[in-house]
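All remarks here apply to the structure that follows.
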Amino acid sequence: MTERDRVRELLREHGTTYAEEAGITLRDKPAPLFQLLVLTLLASTRIRAEVAADAARGLFRAGWRTPERMRRSTWLQRVDALDRTHYRRYDERTATRLDELSQLVMDRYDGDLRRLRPADHDGVPELQRALQEFSGIGPTGAGIFCREVQAVWPEVTPYFDDRALRAARRLELPTQPDALARLAPDGRVAELAAALVRVA
């Protein structure tokens, strides 16, 4: 089986991004980018990715798809929404962090995370630093955001975090991001990165 065949099989079996799993139609628009940031925060704790995606869907079902709407929810409403999706272990701290995150998006970025979009790939480290200024998002979380946002911010592509590259090595695929990205059919680099993390 060639490398391209392995990548096609990987995408067929595991090529759903975490944003898709959370019900986010990712576009270069303020609301979907905010939703990706919320998912990033939820997935940054020691919790299964499926639980984080389910929790994100629960918050969005409640109507909290923008920083303004998230800020209008109460702490208790957020805790209840997280509890209903089995995001219990970190629910209270995360409910507080969601409020802080929303306020920071409004204050620093005027509600629009497109202000974080790098001009080119050399700007990715600065993007990662900026993401880590949100309480609860560390290097792993910044990696999650970058891995997913490359679907709509081509300047971030190719982005594969350490987990994705470890999986690529195990599957005997290239571990150089450019070479790995070239194997993704139709530019599906974000899906390939997500698939590699799913099998990591």
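Note that the structure is a prediction, hence the values are computed from the model and not measured.
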**Study point:** Short side-chain to backbone donor-acceptor contact, Arg78 and Leu98, under 3.5 Å
**Key:** no

Check your understanding: Between the main-chain N or O of Asp122 and the side-chain N or O of Asp120, is there a donor-acceptor pair closer than 3.5 Å?
Key -> yes

**Study point:** Identified side chain to side chain contact (heavy atoms under 4.5 Å, CB included) partner of Pro30 from the options Arg115, Arg65, Arg114
**Key:** Arg114

Check your understanding: Does the Trp64 side chain pair with the main chain of Gly58, one donor and one acceptor, at a distance under 3.5 Å?
Key -> no

Practice item. Say whether, by atom type as modelled, one donor and one acceptor occur between the side chain of Arg57 and the main chain of Glu21 under 3.5 angstrom. Key: yes

**Study point:** For the student: nearest non-hydrogen atoms of Val149 and Leu26, plus distance
**Key:** CA-CD2, 4.3 Å

Review point. Any side-chain heavy atom of Asp80 within less than 4.5 Å of one from Gln77?
Key: no

Study note, to complete from the structure: So NE2 of His86 and CG of Asp91: to nearest 0.5 Å the spacing works out to 12.5 Å

Review point. Can you check whether Tyr18's main-chain N or O pairs, donor with acceptor, with Glu148's side chain at less than 3.5 Å?
Key: yes

Revision key, fill the gap. Heavy-atom closest pair (Thr85 atom, Asp54 atom, distance to 0.1 Å) is CG2-O, 3.5 Å

**Study point:** Shortest non-hydrogen contact from Pro174 toward Ala179
**Key:** CB-CB, 3.8 Å

Exercise for review: Could you walk me through whether Asp28 and Arg117 pass the salt bridge (Lys or Arg N to Asp or Glu O under 4.0 Å) test, one step at a time?
Suggested key: CA-CA 9 Å; Asp28 188 25; Arg117 185 173 179 171; 2.5 Å; yes

Exercise for review: Please report the shortest heavy-atom distance between Ala193 and Gln150, naming the atom on each side.
Suggested key: CB-NE2, 3.9 Å

Review point. Mind checking what makes side chain to side chain donor-acceptor pair (under 3.5 Å) contact with Glu172, not counting sequence neighbours?
Key: none

Practice item. Could you go through the side chain to side chain donor-acceptor pair (under 3.5 Å) check for Tyr159 and Gln128 one step at a time? Key: CA-CA 12 Å; Tyr159 186 90; Gln128 291 173 304; 2.8 Å; yes

Practice item. Could you check if a side-chain atom of Leu196 sits within less than 4.5 angstrom of a side-chain atom of Leu171, using non-hydrogen atoms only? Key: yes

Check your understanding: So, do Leu10 and Val199 sit near enough that their side-chain heavy atoms are less than 4.5 Å apart?
Key -> yes

Point to revise | Residues Arg71 and Glu68 bridged, charged N to O under 4.0 Å | key: no

Exercise for review: Rounded to the nearest 0.5 Å, what's the gap from OG on Ser135 to CG on Asp99? Could you check?
Suggested key: 11.5 Å

Revision key, fill the gap. When rounded to the nearest 0.5 Å, the distance separating CG of Leu76 from CD of Glu92 is 9.5 Å

Check your understanding: Could you walk me through whether Arg129 and Glu126 pass the salt bridge (Lys or Arg N to Asp or Glu O under 4.0 Å) check?
Key -> CA-CA 5 Å; Arg129 280 191 292 276; Glu126 180 54 39; 2.9 Å; yes

Review point. Side chains of Val105 and Phe134: closer than 4.5 Å at any heavy-atom pair?
Key: yes

Exercise for review: Decide whether a cation-pi geometry holds between Arg166 and Phe160; the criteria are a distance under 6.0 Å from NZ or CZ to the six-membered ring centre and an angle within 45° of the ring axis.
Suggested key: no

Exercise for review: Answer with yes or no whether the side chains of Arg169 and Thr175 bring together a donor and an acceptor at under 3.5 Å.
Suggested key: no

Practice item. Working to the nearest 0.5 Å, report the span between CZ of Arg46 and OG1 of Thr140. Key: 9.5 Å

Review point. Is Leu11 close to Pro185 at the side-chain level, that is, under 4.5 Å between some pair of heavy atoms?
Key: yes

Practice item. May I ask you to test the Tyr87-Arg48 pair for a side-chain heavy-atom distance under 4.5 Å? Key: no

Practice item. Identify the two heavy atoms, one from Ser44 and one from Gly141, that lie closest to each other, and give their separation to 0.1 Å. Key: OG-CA, 3.3 Å

Check your understanding: Does Glu100 reach the side chain of Thr96, with side-chain heavy atoms less than 4.5 Å apart?
Key -> yes

**Study point:** Contact check, side chains of Ile24 and Val38, non-hydrogen atoms, under 4.5 Å
**Key:** no

